[in-house]
**Student:** 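Sharing a structure with you now.
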Amino acid sequence: MNAAQPVRGTHDLIGEQQRRHAHVTETARRVTGLYGFDEWATPVFENTSVFARSLGDTSDVVSKEMYTFTDRGGESLTLRPEGTAAICRALVTNGLTQSLPQKVFYAGPMFRYERPQKGRYRQFHQIGAELIGPSEPLADAEVIAMGRDVLGALGIADEVVLELNTLGDTESRTAWRTALVEYFSAHREKLSEDSQVRLEHNPLRILDSKAQADRLLIEDAPLLDQFLNDASRRFWDDLRNGLNAFGVSYTVNPRIVRGLDYYSHTTFEFVTTRLGSQGTVLAGGRYDGLVEEMGGPATPAIGWAGGIERLGMLLEAPPEVVAPVAVIPQGNEAEHRAVQVLTLLRSAGVRAEMAWRGNLKKRMERANKAGASHAVIIGETELAKGTVQLRNLSDGLQQEVRPDDLASLLSHSKKAEQNT
RNA sequence: GCGGACGUAGCUCAGCUGGUUAGAGCGCCGGUUUGUGGUACCGGAGGUCGCGGGUUCAAGUCCCGUCUUCCGCCCCA
């Protein structure tokens, strides 16, 4: 087995895998549609500045975790590592900041140069939703409720819990961060090596450190709650009231943070324990500063993204394929009639297939292997009489019918099957 | 980027302390006298044991390197 392999961290989606992906995407598209969201599709690559700008100076991510390359024209391009920055760019370049709110759904591949693990790939796929325009906390609640509904429609609501936090507005968060840096600096030597580095450029991340050494310090670290100004506190209260109104249950987790400055207020993650350390399945927050960083006017926005691979892995059973009907002619003359029957069935909306070769027995085997629900058999006798044999492959019952009656007989029979 | 585990037929795996032509189950293909599948029986194809180097009379089995996958860490927009 020396065949060519796909690039590290990439996968082919075939059969059940692809069906799981498609089911996640279609379900999310349908549910977000119920909330009035429309789908956008943006390019899978952008000028590097689109993503670099949104990331600010978190140099690690920009230099090491993005698929960046120079094209033949000398432009620096980057395969999109996430969806939100590109949506904001599209909002600005299409002048849609003039027609708010925008309710956007998207789905597609994303690319990050990371070490692969289960549920973490270099090309992976996300669904996402962005609500751009409203600054009211009820909008946040609605967007979170929509996420909850997507998970519910996928049948995995019981697999995940919603963890919720607030980052406050810029003023509150800045005050809090200053206090955190002060606190951790005072205990610098007790911090883990990693966290000492974090203290320099991303102090909030110390709060979700996994190092044992950090845990004790974190417990006594100052809480944002003490630094929330009145406006932020009101927003936080209204958000939780809104969630109650939408019937969304959650647990508050003060350790959910975001590293970048354009985030504010709401932040949340739907988490499962079933996927090891890659358990965040759908996450988001409010990013009131991002559209402005893209060169647009200051525009409030809230959104989330979910990993299709991870969601697909949580699905109980893979979505079923529709069982086809196998049309089986015997002899060259019957084949001609068979083609007519195929056409008849397909135009009636029935999934129908015919093998290109083989005797009756062979074709019956094929039909069975293909998971066909029925076989339509046309032999010399039937050809002469203008009839066909309709055989139900699950119970083996067979009846002689007229071709014109096939479509209605099949749809009745299939409905009956679904009910059992 | 750091640490660890794994890698034998399409799939799941067996192969004792290195020793003749590398096995099983499932799957696949064919047959059991040709107008009927799913069960049963019979037969067959398919592996340079991830790749490269080394030790040895001899390596799937030991050593080194490399790649992939998986588990943690870093990162998580």
Side-chain angles (χ1 to χ4, degrees), chain A residues 1-11 14-15 50-66 78 80-88 110-122 124 126 128 192-195 197-198 201-202 204-205 208-212 256-263 267 269 275-280 283-285 287 290 293 303-305 307 326 328-331 334 355 358-383 389-398:
Chain A
M1 191 183 58
N2 203 358
Q5 286 181 331
V7 173
R8 178 179 210 191
T10 68
H11 292 88
I14 296 173
V50 169
F51 304 113
R53 195 184 306 190
S54 75
L55 289 164
D57 59 351
T58 49
S59 50
D60 241 34
V61 176
V62 174
S63 60
K64 291 162 90 172
E65 321 246 343
M66 297 203 307
T78 295
R80 61 180 184 195
E82 54 108 16
T84 307
I87 294 294
C88 290
M110 308 290 166
F111 306 83
R112 296 183 188 180
Y113 194 86
E114 297 185 294
R115 177 150 247 168
Q117 278 178 38
K118 185 186 285 299
R120 183 175 211 188
Y121 308 110
R122 290 190 167 182
F124 60 106
Q126 285 189 329
S192 67
E193 244 178 84
D194 285 329
S195 286
V197 177
R198 282 191 272 245
H201 53 261
N202 204 348
L204 297 201
R205 281 285 169 201
D208 56 7
S209 165
K210 287 161 187 160
Q212 198 61 41
I256 296 185
V257 294
R258 294 282 117 105
L260 303 176
D261 284 337
Y262 56 72
Y263 285 107
T267 179
E269 300 184 355
L275 296 176
S277 58
Q278 311 301 332
T280 301
Y287 49 96
L290 183 55
E293 296 214 21
W304 50 251
I328 301 179
Q330 223 190 359
N359 57 24
L360 177 54
K361 183 182 169 66
K362 264 280 90 83
R363 290 179 190 232
M364 283 297 285
E365 281 175 12
R366 288 238 159 271
N368 195 59
K369 221 162 279 175
S373 63
H374 296 78
V376 174
I377 301 161
I378 308 165
E380 280 175 37
T381 321
E382 290 77 26
L383 195 60
Q389 296 289 341
L390 175 61
R391 183 180 181 86
N392 182 324
L393 291 181
S394 50
D395 58 21
L397 294 179
Q398 187 167 315

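By convention in this document, chain letters (A, B, ...) are assigned in the order of the sequence lines, proteins followed by strands, and residues within each chain are numbered from 1.
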**Student:** Please report the distance, rounded to the nearest Å, between CD in A:Glu114 and P in B:G72.
**Tutor:** 15 Å

**Student:** Taking the same atom, P, in B:A5 and in B:G52, what whole-Å distance lies between them?
**Tutor:** 24 Å

**Student:** Could you tell me how far apart A:Asp208 (CG) and B:C76 (P) are, to the nearest whole angstrom?
**Tutor:** 9 Å

**Student:** What is the distance, rounded to the nearest whole Å, between atom OH of A:Tyr113 and atom P of B:C76?
**Tutor:** 18 Å

**Student:** Kindly write out the residues that satisfy salt bridge (charged side-chain N to carboxylate O under 4.0 Å, His left out) with A:Arg391, not counting sequence neighbours, or none if the list is empty.
**Tutor:** none

**Student:** Rounded off to whole Å, could you give me the CD-to-C1' distance for the A:Gln117 and B:C74 pair?
**Tutor:** 11 Å

**Student:** How many Å lie between CZ on A:Arg120 and C1' on B:C73, as a whole number?
**Tutor:** 10 Å

**Student:** CZ of A:Arg122 versus P of B:C75: gap in Å, rounded?
**Tutor:** 18 Å

**Student:** Please measure how far the C1' atom in B:U20 lies from the corresponding atom in B:C11, and state the result in whole Å.
**Tutor:** 30 Å

**Student:** Please determine if a side-chain N or O atom of A:Lys210 lies less than 4.0 Å away from the OP1 or OP2 oxygen of B:C76.
**Tutor:** no

**Student:** If the condition is salt bridge (charged side-chain N to carboxylate O under 4.0 Å, His left out), which residues does A:Glu269 pass it with, not counting sequence neighbours?
**Tutor:** A:Arg258

**Student:** Between B:G23 and B:C41, how far apart are the two P atoms, rounded to whole Å?
**Tutor:** 23 Å

**Student:** Quick test: give all pairs of protein nitrogen or oxygen and nucleotides 36-40 of chain B nitrogen or oxygen below 3.5 Å, distance rounded to 0.1 Å.
**Tutor:**
| residue | atom | partner | partner atom | Å |
| --- | --- | --- | --- | --- |
| B:U36 | O2 | A:Arg391 | NE | 3.4 |
| B:U36 | O2 | A:Arg391 | NH1 | 3.4 |
| B:U36 | O2 | A:Gln398 | OE1 | 3.4 |
| B:U36 | N3 | A:Gln398 | OE1 | 3.1 |
| B:U36 | N3 | A:Gln398 | NE2 | 3.3 |
| B:U36 | O4 | A:Gln398 | NE2 | 2.9 |
| B:G37 | OP1 | A:Lys361 | NZ | 3.4 |
| B:G37 | N7 | A:Arg391 | NH2 | 3.2 |
| B:G37 | O6 | A:Arg391 | NH2 | 3.0 |
| B:G37 | N1 | A:Leu393 | O | 2.6 |
| B:G37 | N2 | A:Asn368 | OD1 | 2.9 |
| B:G37 | N2 | A:Leu393 | O | 2.4 |
| B:G37 | N3 | A:Asn368 | OD1 | 3.2 |
| B:G38 | O4' | A:Asn368 | ND2 | 2.9 |
| B:G38 | N2 | A:Leu393 | O | 3.3 |
| B:G38 | N2 | A:Ser394 | O | 3.0 |

**Student:** OP1, OP2 of B:G30 versus side-chain N and O of A:Lys362: anything below 4.0 Å?
**Tutor:** yes

**Student:** Quick one: closest heavy-atom pair of A:Phe51 and A:Ala85, and the distance?
**Tutor:** CD2-CB, 3.9 Å

**Student:** Provide the distance between the two C1' atoms, one in B:U56 and one in B:G60, to the nearest whole Å.
**Tutor:** 16 Å

**Student:** A:Lys210: what forms a side-chain contact (heavy atoms from CB on, under 4.5 Å) with it, not counting sequence neighbours?
**Tutor:** A:Arg215

**Student:** B:U68 and B:U8: how far apart are their C1' atoms, nearest whole angstrom?
**Tutor:** 16 Å

**Student:** Just to be sure I understand: a Watson-Crick pair is purine N1 to pyrimidine N3 plus N6-O4 or O6-N4, both under 3.5 Å. Using that and G-U wobbles, which stems of three or more pairs involve RNA chain B?
**Tutor:** B:1-5 with B:69-73, B:10-13 with B:23-26, B:28-32 with B:40-44, B:50-54 with B:62-66

**Student:** Distances under 3.5 Å only, N/O to N/O: pair up the protein atoms with those of nucleotides 2-7 of chain B.
**Tutor:**
| residue | atom | partner | partner atom | Å |
| --- | --- | --- | --- | --- |
| B:C2 | N4 | A:Arg115 | NH1 | 2.5 |

**Student:** Need one value for A:Arg80: base, sugar-phosphate or nothing, where a base atom within 4.0 Å counts as base even if backbone is also close, heavy atoms only.
**Tutor:** nothing

**Student:** With a 6.0 Å cut-off (strictly less than), is the heavy-atom count around CZ of A:Arg366, excluding the residue itself, greater than 12?
**Tutor:** no

**Student:** Check for a donor-acceptor pair, side chain of A:Arg112 on one end and backbone N or O of A:Pro81 on the other, with a separation under 3.5 Å.
**Tutor:** yes

**Student:** Tell me which of A:Ser54 and A:Tyr121 sits closer to the 5' end of RNA chain B, going by the nucleotide each one is nearest to.
**Tutor:** A:Tyr121

**Student:** Considering only the C1' atoms, how many Å lie between B:C13 and B:G7, rounded to the nearest integer?
**Tutor:** 13 Å

**Student:** Taking A:Leu260 as the fixed residue, which of A:Leu55, A:Leu204, A:Leu290 is the one that meets the side chain to side chain contact (heavy atoms under 4.5 Å, CB included) rule?
**Tutor:** A:Leu55

**Student:** Round to a whole Å and report the spacing from CD of A:Gln278 to C1' of B:C71.
**Tutor:** 10 Å

**Student:** By side-chain contact (heavy atoms from CB on, under 4.5 Å), which residues pair with A:Ala211, not counting sequence neighbours?
**Tutor:** A:Ser192, A:Ser209, A:Asp214

**Student:** What is the nucleic acid contact for A:Asp194, judged by heavy atoms within less than 4.0 Å: base, sugar-phosphate only, or nothing?
**Tutor:** sugar-phosphate

**Student:** Rounded to whole angstroms, how far apart are NZ on A:Lys118 and C1' on B:G72?
**Tutor:** 15 Å

**Student:** Does A:Lys369 have any side-chain contact (heavy atoms from CB on, under 4.5 Å) partners at least two apart in sequence or in another chain, and if so, which?
**Tutor:** none

**Student:** Applying salt bridge (charged side-chain N to carboxylate O under 4.0 Å, His left out), can you list everything that pairs with A:Arg363, at least two apart in sequence or on another chain?
**Tutor:** A:Glu335

**Student:** Touch check for A:Gly284, heavy atoms < 4.0 angstrom, all strands: base, sugar-phosphate only, or nothing?
**Tutor:** nothing

**Student:** Of all residues at least two apart in sequence or in a different chain, which pass the ring-ring contact (aromatic ring centres under 6.0 Å, His included) check with A:Tyr263?
**Tutor:** none

**Student:** Can you work out whether A:Glu269 or A:Gly119 has the more 5'-proximal nearest nucleotide on RNA chain B?
**Tutor:** A:Gly119

**Student:** A:Lys361: what forms a salt bridge (charged side-chain N to carboxylate O under 4.0 Å, His left out) with it, not counting sequence neighbours?
**Tutor:** none

**Student:** Using a cut-off of strictly less than 4.0 Å, decide whether A:Arg8 has a side-chain nitrogen or oxygen near OP1 or OP2 of B:C67.
**Tutor:** no

**Student:** Taking atom C1' in both B:U17 and B:C76, what distance in whole Å separates the two?
**Tutor:** 47 Å

**Student:** Determine the Euclidean distance between corresponding C1' atoms of B:G19 and B:G25; express it in Å to zero decimal places.
**Tutor:** 28 Å

**Student:** Under the side-chain contact (heavy atoms from CB on, under 4.5 Å) test, which residues partner A:Glu380, sequence neighbours left out?
**Tutor:** none

